[in-house]
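Notes follow once the structure below has been shown.
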Amino acid sequence: MLFSYLLATGVTTGALYALVAVGLVICYRTTGHINFAHGELFMVGGYIAFSMHVLMHVPYVYALILAVVSSGLLGLICDRAVFRPLISAPPMAMVIATVALSFLLRGAARVIWGGLGEYVPFPPIVDPSPISFWGIAIFPQQLIVVASVAVCMLFITLFFRSTRVGKTMKAVAESPRASYLVGIKVEKVYALTWMLSAALAAVSAVLMAPLTQLTPDIGFGLLLKAFAATILGGLGSMPGAVVGGLVVGICESFSAGYISSSLQEVMAFIIIMAVLIVRPTGLFGAPSAREV
Amino acid sequence: MKKSICILYSTLLVAGVALQPISASAQDGITSTTIKIGTMGALSGPLAPIIVPQFNAIEAVFEEANAAGGIHGRKILFVREDDECLPSKGVGAVRKLIHEVKPFIIVGGGCSNAAIAQKPEIIAAKMPWIITAATADALSEPANPYIFTSMSTAWSETYGMLQYAIDQGKTRIAVVWQPDAWGKARLEPLKEALKQKGITPIAIEEVAVEPSDLTPTALKLKSLNPDAVLMLLYPKAAVPFLRDSAKIGMQPLSIGGSPLVEIDLMAKGAGSADAVKNVRIVAAPGFGVDDPQVAKWKERIEKRFGDRFNLYHLFGVAGGQFAVEALKRAGPNPTREKIIEVMSNLQTTVDVYAGPVKCTPTDHQCHKTLGIFALKDGRVSGVGSTTPTR
Amino acid sequence: MAAGVLLIALVPLFLSPYYIFVANLILIYIILAIGLNIVLGYAGQLSFSNGAIFGIGAYATGLLRLDYGCPYWLALPLGTLTATVLGILVALPALRLKGHYLALASIAFAQSTIWILVHWDGLTHGTSGFVLEPVEFSLIGLNSHAGMLYLSLAAAIVCVVMASNILQSPVGRAFVAIRESEHAASALAIDLTRYKIYAYGISSLYAGVAGGLFVGVVGAVVPDQFGLFQIVLQFCMVFVGGVGSLWGSVVGAVLIISSQELMRGFQQYQEFGFGVLLLVIILFFPSGIVGFLKLRVGGWQEPLRHYFKARG
């Protein structure tokens, strides 16, 4: 009984971590940089949806679309303002710049939205009465999360495999120089990457908002869990990120349930440190040519 | 050349600073037309949403007093310093207040983490301090001459919560708590209270401060079959707890403290009014935020500050009114010693509490009458009051 | 430097305990910033763990004083030693990590440290932290505030001089070589491991001293004090002043702490403001103030590398 509940929770939160992690991986694969502000993009996307749906009473679907689009725009702005100027700088510059960006966004969110998300929660999409699934009670929102994540993953895989844009992004990921020579507008691809990454973060936020409360500080913790997921799966591997996300979610859930609830917060850190020390390439990662 | 310029400038700077008069006014903070009152609290950072409303409410009370002519003809000036709820910033804030701003008294301070660092400085400076929302027992115990609190303290709320459970005939009592400074400051007195009443709790469960899912905790408790759960939690944790407990069909009498008094919002977060049907809150205020008794403050504060009126404003109103009353009774020529004497013997009513605010020379924990709340017909309603004793 | 020392030494005579406190904080952060600069700016290791080591130093010194009856003059060096040893131990597994892997691992370590400080209740007093008695300096006739200030001043002077010497020695040159290119450095038979350990060791030592002084000045510690904002603040100091420049750290610490205090009226914009500041520095002034001055004011002695080109 406990086991099934823990598994259900683990899979739900794991699916969310997976989606956020995939956004991170897309950015990393194409540009070679990790965006330390990714968690804050998630948080801002969530707040934009919150503002629209809860404060301005925009219908849910429109709020979702608007939030995703706004997030994409924010991603574009970040590309222009932060990423583009630092393309050829050492990785340290990008890391610090994105850390600075994360604080910028966090501070701005705190000023704009303050404690609002705690007082007025984000309502669930459908009637929240629990439904019984093989003997355990699950909130419909949890099912929606898992289903949505699966659908997103499907879209993303198709995107990269079959569409022209997707293939272009893959080409840039392989070799920016070669892509440039072939006439691909590398800068546009980078911009697109940031937009896509931010949009994915917003989708995850909207899915998760009814299950947790929205505060300006959730970004950072989520970022670390997404890192744990990507590193576990192998930095640069999308299926790896998904598996990694599920593993992190399940580990958190089981350690909280069977050992101690305080382990939940620290599980992601333990995973990060363990993986980086023991097997930095993760479970699925190939030793990437993008060695830093 | 550069070096000499450097030395010249530094000397000038030092001289300029040195020549400032070292003020030693007879009574700091009081002029013929103003009384300066200071406060320190988290104006920035994660705890700002809890602290800033309090200060806004205190200011609203002071503005009302000023509009009525002030206190013995003097208007109150309210000065706020930020301490981000951290000791390092807290020491800076309190020193700036004491040595640079020099208020007459300090009303406010909200955060235990910073307050524990500020307490020694306040005592050393002999500065009267009315604490309006920090509940840590360590701040007002043992009683010292300078520190008063107009907020119920941790022990009184936890004793009150336990007493309520006992009064309802519950014997299988479980405790859930959050492992932060606030939660810890509640768990200790609760354990004492349990011991005093000879009750062994069937479980003491720790939950994360910001959990997304508390089904495991709810399951653990369900298997132990409690008839009452004492929630030493803030809404961030209480809402998932109530939601997930309802989900698995475990809904014993669930008793919470002051931070959970907005039961209607918790119901929204937990999904429905059904999830909070067995929730009772033993809290410092005497009235819910929608109660007509406090409507005047709600309207005034929302208009003046644009805040959404919440329970933290209530604590500010209480502290502000306590201060104003004390200042009035201290007479037209107040000194710090005088106001301390007044406060040590003060009994007065404030608009937001169910009972009087009463201090004695040996007991500076001035608020003991707590309200009991439940959700009735979608509104937070008072269903009683209690005055816990130890 | 002499002018600065004179300035600070005179503070307790003329200014209130508030200014003594601010000056003391500045000194502590100078030490922290120099330590961070050594590992970040000189040895080029992108490590975010300085805040955690700072915390360990503060806790070690504080707990030795509080729970084990050590007088402060003994607790401070012991606490520093604890922080240094732990800092080196923790750095060992991270030696072969680079770039954002190192950043990630160090952030994870820093967060875990806070978690331990919070949850190892029995040792650390948990989330509510602890309070200490003020440090007594009556033996040398000073009150606690002035005494701590002069102690911090002495420590800061020692740290600056020591750092200056190290950086001008072969060790310092090895650091710079590692920063510029690890491959080239190892080709020059520089033992990467050994020098990286030196860098981490020195910065841990500095962070440990700063932590011990911090607990003496503030008199209270809580785990929240040493989170991510702490390290971002330190990064701001290093970059504003000039990464890779010793005096840059000093300038950065003075400027950042002063602006924090001056900006007390605009508290809610603090996070936003420092984020913007750091971003602007990285984008437009990557070599910080010192780098800027070096271009404009002739005759700057310090061998400051033009650390990286932002508009390449």
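All of these numbers come straight from a predicted model, not from anything done at the bench. So you know, we letter chains A, B, ... as the sequences are listed, proteins then strands, and number each from 1.
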Which region of C:V232, side chain (C-beta onward) or backbone (N, CA, C, O), has a non-hydrogen atom less than 4.5 Å from a non-hydrogen atom of chain A, or is it both or neither? side chain
Among C:L278, C:V276, C:L104, who wins on heavy-atom pairs under 4.5 Å with chain A? C:L104
In terms of heavy-atom proximity below 4.5 Å to chain C, should A:A81 be classed as side chain, backbone, both, or neither? backbone
At a heavy-atom separation under 4.5 Å, does C:F274 approach chain A through its side chain, its backbone, both, or neither? neither
For chain C, the option from A:V111, A:L223, A:L224, A:I96 that forms the most heavy-atom pairs under 4.5 Å: A:I96
Is chain A contacted by the side chain of C:F48, its backbone, both, or neither, given a heavy-atom distance below 4.5 Å? side chain
Keeping the roles fixed (side chain from A:H38, backbone from A:A201), state whether a donor-acceptor pair exists under 3.5 Å. no
Any side-chain to backbone donor/acceptor pair from A:S204 onto A:L200? Under 3.5 Å, distance only. yes
Which residue in the set A:Y28, A:F36, A:F227 passes ring pair (Phe, Tyr, Trp, His ring centres under 6.0 Å) when paired with C:H100? A:Y28
Return yes if some donor-acceptor pair links the side-chain N/O of A:R110 with the main-chain N/O of A:D217 below 3.5 Å, else return no. no
Can a side-chain donor-acceptor contact be found between C:N37 and C:S249 if the only test is distance below 3.5 angstrom? yes
Which answer fits A:V82, side chain, backbone, both or neither, if we ask what part of it has an atom under 4.5 Å from a heavy atom of chain C? both
Using non-hydrogen atoms and a 4.5 Å limit, figure out which bit of A:L276 sits close to chain C: side chain, backbone, both or neither. both
A:S175 side chain vs A:A178 backbone, donor-acceptor pair below 3.5 Å: yes
Contact origin within C:L228 toward chain A - heavy atom pairs under 4.5 Å: both
Of the backbone (N, CA, C, O) and the side chain (C-beta and beyond), which part of A:I231 lies under 4.5 Å from a heavy atom of chain C, both, or neither? side chain
Is a donor on one side and an acceptor on the other found under 3.5 Å between the side chain of C:S106 and the backbone of C:S47? no
